[in-house]
Amino acid sequence: MEESEAVCPGTKIVNVNTVEKCIFRHQRLKYTYLQGKKTMGTKKNIRNIAIIAHVDHGKTTLVDSIFQKTGTFRDNQQVNVRVLDSNPQERERGITIFSKNAAAIYKECKINIVDTPGHADFGGEVERILKMVDGVLLLVDAFEGPMPQTKFVLRKALELHLKPIVVINKIDRPQCDPVKVHDQVLDLFIALGAEEEQLDFPYIFTSAKNGIAKYSMTDEDQDMSLLLDTIIREIPPPDTDDESPFQMLVTSLDYSDYIGKIAIGRIRRGTVSPGNQLVVVGPEGIAGRGTVSKVFLFDKLQRVEVKEAESGDIVALAGISDATVGMTLASIDAPEVLESFEISKPTLSMLFSVNDSPFAGQEGKEVTSRKIRERLMKEVMTNVALKVEETDSADTFRVSGRGELHLSVLIETMRREGYELAISRPEVIMYNDDDGTLMEPIEHVTIDIPDEYTGVIIEKMGRRKAEMTHMGTLRGGMVRLEFEIPTRGLIGYNLEFTTDTKGEGILSHIFHNYQPFKGKLPSRETGALVSAETGICVAYALSSLEDRGTFFVSPNARVYEGMIVGESTRGLDITLNVCKTKKLTNMRASGTDESLRLTPAKILSLEQSLEFINDDELLEVTPQNLRLRKKILDSNLRAKAAKKEKVG
């Protein structure tokens with residue numbers, strides 16, 4: 001055949017001697033050459049992007065809008081809001097907890113989208129995800145502007161030289177100032193030392209909720225095709241090399257009861273098919289090996305099993321049981337390691353132990369230490385920011401994570417699966433540096449509050465050893481305060497903060513660095529109301545004790561000796577009998593037997609319960625109830641232990 005020109009949409013014009021065929025595969029156009037010719041250096045019709053932002057700036061809602069525009073759903077299909085937040089806890093809390101992979105097809109281009117968590121406790125997920133994409137959509141709220149997590153994720157993206165597209169979202173919010181926020185984002189780029197090319201970032205104004213996008217605030221409203229066109233135009237296609245031996249960095253893990261561990265990552269070079277033999281390579285050499293049992297690509301919201309995947313694809317591989325986040329999967333013929341990433345160290349730990357309360361085993365299915373250990377070890381397989389250690393006691397495990405929310409999500413998941421646990425108060429993880437100085441983690445805190453609460457918040461933060469670094473005004477009579485505070489100072493503060501600001505304040509924090517130990521911090525200012533006996537709560541007893549404090553239990557609730565039933569108004573614990581009944585007599589008097597009016601009980605959530613407990617207290621977690629209790633249930637033994645500790 002004579003030399004001819006073959007044109008494939010979206011690619012350069014190439015001269016080849018023979019072209020066997022042009023095939024449409026995985027919604028992309030690609031050439032297959034004969035006579036061992038190498039494939040193209042980039043795939044023009046694939047884009048790999050991550051959506052990064054501070055919590056609640058609209059990442060998942062933006063993905064919804066993209067799916068609507070690309071025809072992922074039928075016109076008559078019933079679709080949940082924030083469709084990627086599929087986990088029940090994500091839907092209840094309104095935040096993304098686990099990163100999700102999805103894909104959309106637009107103008108014959110496949111856009112692989114990774115939705116990342118916005119909360120600082122799950123920042124480790126974002127660090128890893130950025131390793132498998134070529135560009136990022138940086139979302140910023142048009143009212144709040146850049147927040148601590150915005151700065152954190154942008155710094156990581158710039159370090160990896162990823163192409164950013166700035167999306168200023170929620171332009172429909174009252175009193176928002178999108179143009180000012182754009183200037184703040186530019187200032188943030190400069191402050192983070194962005195290169196000249198990165199400073200010339202494309203930007204777009206959107207309202208993901210309403211499906212609106214435009215290049216300028218003076219333009220007319222358009223749809224999300226504007227954003228999709230920008231992604232295809234600005235984000236570079238992945239570099240590919242299908243002829244070299246297979247190589248892929250594992251960036252996240254999943255687990256299936258049917259096919260076992262699933263390694264997710266982007267193929268850097270080569271191809272992979274079921275039955276391929278791969279090795280797991282780390283910095284110290286080969287750490288394991290296995291055979292690929294299944295290969296999945298991401299299509300819309302699902303994983304689709306395929307016979308082969310190629311370089312540039314984001315894939316999920318089953319069958320490699322030794323795969324670990326940060327390790328490289330490589331061909332046996334060329335076991336070469338890829339540059340990995342450092343997984344952030346935990347800053348907070350709790351003790352998970354077997355529930356030994358008088359009500360143990362009555363509500364849960366999994367109550368033994370063996371079952372708890374199995375579940376924690378299974379969690380560590382996929383949740384790499386988590387660390388589980390054995391302790392001196394066979395019934396207790398030390399679980400460390402990135403923050404209270406990180407650990408409370410695990411506790412709530414185990415609770416829903418039927419486990420019973422006893423949880424200790426969160427402890428900050430400290431260490432001694434080279435010269436013996438005790439170092440503790442410091443958080444950068446950003447607080448947005450109405451102006452009238454500024455005084456009380458500054459006073460409370462000062463007591464907790466916080467140092468103010470910035471104070472500024474926002475629109476609508478709001479003030480923004482920024483502090484650096486020991487992580488210890490934030491434990492138990494959220495509940496107090498909500499009360500002080502009457503629910504109008506917003507507090508967000510992110511790990512800053514380690515600094516020398518700041519000294520002792522004040523503990524909980526109030527004591528606990530502790531039940532004196534086991535039985536059923538009686539309204540008559542509660543009504544006569546209401547002046548002692550706020551109760552956490554309602555009439556007819558089951559209680560036991562040593563269980564915390566309320567918060568004292570004083571700074572010390574009070575033991576009282578909430579099971580005391582009214583003595584019956586033959587005497588009757590008008591008005592004395594009228595119905596009692598009780599103040600409704602204050603029901604604490606899991607996070608509020610963890611914040612409330614002191615060092616001598618535990619949180620009993622069962623599928624049906626959360627109960628606070630003393631570590632030592634007997635009041636006499638408790639008094640002796642307190643006396644001994646005071647003398648010691």
Side-chain angles (χ1 to χ4, degrees), residues 10 12 41-54 57-59 62-63 65-66 106-107 109 111-114 116 118 126-127 129-171 176-208 212-239 266 312:
K12 295 177 181 177
T42 59
K43 288 183 179 168
K44 296 292 184 183
N45 45 353
I46 291 185
R47 300 292 184 274
N48 296 325
I49 61 164
I51 302 181
I52 58 176
H54 187 77
H57 279 198
K59 295 182 297 298
L62 185 74
V63 176
S65 292
I66 290 173
Y106 180 71
K107 293 184 177 177
C109 183
I111 303 174
N112 285 313
I113 302 167
V114 190
T116 62
V126 183
E127 294 174 56
I129 293 308
L130 293 179
K131 275 283 186 179
M132 65 178 178
V133 296
D134 302 295
V136 294
L137 294 185
L138 177 71
L139 251 73
V140 186
D141 189 300
F143 177 79
E144 293 183 357
M147 296 289 277
Q149 185 73 357
T150 312
K151 185 176 180 180
F152 170 77
V153 294
L154 179 58
R155 180 189 289 116
K156 296 292 179 185
L158 294 177
E159 286 172 359
L160 293 170
H161 304 286
L162 298 177
K163 176 73 175 182
I165 297 175
V166 173
V167 180
I168 297 170
N169 193 30
K170 301 190 181 182
I171 58 174
C176 68
D177 191 347
V179 177
K180 181 182 176 184
V181 168
H182 170 268
D183 295 340
Q184 291 174 343
V185 173
L186 179 59
D187 292 342
L188 181 59
F189 269 77
I190 295 168
L192 293 176
E195 298 167 1
E196 191 172 337
E197 185 182 334
Q198 291 172 323
L199 287 174
D200 188 23
F201 55 83
Y203 60 90
I204 194 164
F205 299 96
T206 67
S207 169
I212 294 169
K214 48 189 174 180
Y215 290 127
S216 169
M217 289 302 294
T218 57
D219 295 347
E220 290 186 8
D221 292 349
Q222 298 187 50
D223 61 19
M224 280 295 158
S225 59
L226 226 62
L227 175 61
L228 292 164
D229 289 333
T230 306
I231 290 171
I232 293 174
R233 185 176 65 250
E234 298 291 344
I235 302 297
D239 294 328
R266 172 178 155 188

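Owing to the predicted nature of the structure, the values given are computational and were not obtained by experimental measurement.
- Ring geometry for His182 versus Tyr203: interplanar angle of 30 to 60°, hence tilted.
- Summarising the geometry, atom CD1 belonging to Ile204 is positioned 4.0 Å from atom OG1 belonging to Thr230; distances are rounded to the nearest 0.5 Å.
- Contact detail for Ala194 and Leu199: the closest heavy-atom pair is CB-CD2, 4.0 Å.
- Between Pro202 and Tyr215 there is no side-chain heavy-atom pair separated by less than 4.5 Å.
- Looking at every heavy atom in both residues, Met132 comes nearest to Asn48 through O-CB, 4.0 Å.
- No donor-acceptor distance shorter than 3.5 angstrom exists from the side chain of Ser207 to the backbone of Ile212, with no hydrogens or angles considered.
- Atom CG of Leu227 and atom OG1 of Thr206 lie 7.0 Å apart (nearest 0.5 Å).
- A 6.0 Å sphere centred on NZ of Lys151 holds no more than 12 heavy atoms belonging to other residues, nucleotides or ligands.
- The residue from Ile168, Val167, Val153 that alone fulfils the side chain to side chain contact (heavy atoms under 4.5 Å, CB included) condition with Leu139 is Val167.
- The two residues Ala157 and Ile52 make their nearest non-hydrogen contact at CB-CD1, 4.3 Å.
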As a quick check of understanding, evaluate side chain to side chain contact (heavy atoms under 4.5 Å, CB included) for Lys107 and Asp229, giving each step before the final call. CA-CA 9 Å; Lys107 293 184 177 177; Asp229 289 333; 3.0 Å; yes

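- The distance from atom CG of Asp134 to atom CG of Leu160, rounded to the nearest 0.5 Å, is 11.0 Å.
- Nearest approach of Pro164 to Phe201, heavy atoms of both residues: O-CB, 4.0 Å.
- Contact check for Asp141 versus Met147: no side-chain heavy atoms found under the 4.5 Å cut-off.
- For the atom pair Ile113 CD1 and Ile231 CD1, the distance stands at 6.5 Å (nearest 0.5 Å).
- The main-chain N or O of Ile111 is never found under 3.5 Å from a side-chain atom of Arg47 such that the two would form a donor-acceptor pair.
- In plain terms, the two heavy atoms of Ile171 and Pro178 that are nearest each other are CG2-CG, 3.9 Å.
- When side chains are defined from C-beta on, Asp219 does not count as touching Phe205, because their heavy atoms never get closer than 4.5 Å.
- Rounding to the nearest 0.5 angstrom, the gap separating the CD1 atom in Ile49 from the CD1 atom in Ile129 is 13.0 Å.
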Should Phe189 and Leu158 be marked as a side chain to side chain contact (heavy atoms under 4.5 Å, CB included) after you check the CA-CA gap, both sets of side-chain angles, and the distance that decides it? CA-CA 9 Å; Phe189 269 77; Leu158 294 177; 4.0 Å; yes

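- The two residues Leu62 and Met224 have their closest heavy-atom pair at CD1-CE, 3.9 Å.
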Going through the checks in order, is the side chain to side chain contact (heavy atoms under 4.5 Å, CB included) test met by Ile190 and Leu188? CA-CA 5 Å; Ile190 295 168; Leu188 181 59; over 6 Å; no

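- For the atom pair CZ (Phe143) and NZ (Lys170), the distance works out to 11.0 Å, reported to the nearest 0.5 Å.
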